[in-house]
Undergrad: 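Attaching a single structure in structure tokens format; questions to follow.
Just so you know, residue 1 is the first one in the sequence shown, and it goes up from there. Because the structure is predicted, anything quoted here is derived from the model rather than measured.
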Amino acid sequence: MDIKHYNQKPVRNAKFITAPNVLKAKVGVGGLSDMILDRAQKLLENHTEDFRPLAEIYIKQMKEGIDAAKNLGQPTASEEYIARILFPCVQLKANGGMFHYPLITRIAERFVQFMEVVEKLDEETLEIAAAFHTTIKIVVASQIKGDGGEQGESLVEELNGACMRYFEKHKDEIATKG
């Protein structure tokens, strides 16, 4: 079950903003030689930096965003609160693969797709956010590199299932707004 946006229409779009490349503008256009590309690929493949310290920063920020929304005590559609949860997860998604944690990338991508379609942060959406947060935290703490095998697939499927149950439960509300 890997259905983009859980069959829902996105409310917001988490996207990367590409800053102007000043160096490229000075140097001009053109490709890189195959030798340089091969060296860069080998560097990425043999990358030995520990992802955990960076991941823990984003995991903490994600938790702080969830807690801040919970502390409101009422549902909110505030893009500020949604962004406080979403931004660190986008960073985890972007960095997971580079540090040999494609399972983190996959989990984070599913969460980003969930957050792109939820209308508001309420008790249920925050519970789902907390489940994604906890899962990512466990994967990082356990140093589960690669796709996580059968257990990794099960984790992703359980998270997908929670999101699908949420949308099924609220389908009448969603239909009246859509």
Side-chain angles (χ1 to χ4, degrees), residues 1-66 79-118 128-160 163:
M1 178 193 324
D2 200 4
I3 302 165
K4 190 167 183 164
H5 292 106
Y6 305 96
N7 292 326
Q8 305 299 313
K9 182 180 175 188
V11 176
R12 69 197 50 78
N13 194 4
K15 60 183 175 183
F16 291 99
I17 298 171
T18 305
N21 190 332
V22 177
L23 184 59
K24 184 176 180 180
K26 288 180 181 179
V27 181
V29 294
L32 297 173
S33 72
D34 288 341
M35 181 183 78
I36 291 174
L37 291 175
D38 288 340
R39 287 176 58 196
Q41 184 63 37
K42 285 178 183 162
L43 181 66
L44 285 174
E45 289 171 359
N46 298 321
H47 195 297
T48 59
E49 290 294 318
D50 188 1
F51 179 52
R52 289 176 297 159
L54 178 63
E56 287 168 0
I57 291 168
Y58 294 128
I59 290 167
K60 181 179 181 227
Q61 289 175 352
M62 190 176 170
K63 176 72 168 138
E64 289 169 351
I66 293 167
E79 292 298 319
E80 175 191 345
Y81 285 93
I82 291 168
R84 287 180 66 183
I85 299 168
L86 187 56
F87 176 78
C89 197
V90 168
Q91 296 302 316
L92 289 163
K93 176 185 176 279
N95 287 291
M98 184 171 69
F99 286 95
H100 309 290
Y101 283 84
L103 180 58
I104 294 290
T105 296
R106 187 166 174 216
I107 293 167
E109 179 175 14
R110 297 306 292 152
F111 182 65
V112 168
Q113 289 179 2
F114 176 74
M115 291 298 289
E116 286 178 329
V117 297
V118 296
I128 291 171
F132 274 93
H133 168 266
T134 301
T135 304
I136 291 170
K137 185 176 178 178
I138 290 168
V139 171
V140 170
S142 301
Q143 298 181 50
I144 301 172
K145 294 187 177 186
D147 64 8
E150 287 181 32
Q151 291 85 3
E153 185 64 30
S154 293
L155 286 172
V156 173
E157 288 303 316
E158 285 298 319
L159 293 167
N160 283 337
C163 294

Undergrad: Can you check whether I59's main-chain N or O pairs, donor with acceptor, with H133's side chain at less than 3.5 Å?
TA: yes
Undergrad: Restricting to non-hydrogen atoms, name the atom on F51 and the atom on V140 that form the minimum distance, rounded to 0.1 Å.
TA: CE2-CG2, 4.4 Å
Undergrad: Rounded to the nearest 0.5 Å, how far apart are CD of E153 and CG of L103?
TA: 9.5 Å
Undergrad: A side-chain contact here means heavy atoms from C-beta on lying under 4.5 Å apart; do Y101 and I144 qualify?
TA: no
Undergrad: Rounded to the nearest 0.5 Å, what's the gap from CD on Q143 to CG on D50? Could you check?
TA: 6.5 Å
Undergrad: Quick check with a 6.0 Å cut-off and a 45 degree axis cone: is R110 positioned over the face of Y6's six-membered ring?
TA: yes
Undergrad: For the pair D147 and R106, evaluate side chain to side chain contact (heavy atoms under 4.5 Å, CB included) and give the outcome as yes or no after the intermediate values.
TA: CA-CA 8 Å; D147 64 8; R106 187 166 174 216; over 6 Å; no
Undergrad: Parallel, tilted or perpendicular: which fits the ring planes of F132 and F114, with parallel below 30° and perpendicular above 60°?
TA: parallel
Undergrad: Between I136 and Y58, is there a side-chain heavy-atom distance shorter than 4.5 Å?
TA: no
Undergrad: Spell out, as yes or no, whether a donor-acceptor pair under 3.5 Å connects the side chain of R12 to the backbone of V118.
TA: yes
Undergrad: Report the distance from atom CD of E116 to atom CZ of F111, rounding to the nearest 0.5 Å.
TA: 11.0 Å
Undergrad: In Å, rounded to the nearest 0.5 Å, how long is the span from SG of C163 to CD of Q8?
TA: 10.5 Å
Undergrad: Within the supplied structure, the quantity of interest is the number of heavy atoms (other residues, nucleotides, ligands) at a distance under 6.0 Å from E158 CD; does it exceed 12?
TA: no
Undergrad: I'd like to know if E56 and K63 make a salt bridge, using a cut-off of under 4.0 Å between side-chain N and carboxylate O.
TA: no
Undergrad: What are the two closest heavy atoms between A83 and P88, and how far apart are they?
TA: O-CD, 4.0 Å
Undergrad: How long is the straight-line distance from CG of N95 back to OG1 of T105, given to the nearest 0.5 Å?
TA: 8.0 Å
Undergrad: Could you tell me the separation between the CG atom of L155 and the CD1 atom of I107, rounded to the nearest 0.5 Å?
TA: 5.5 Å
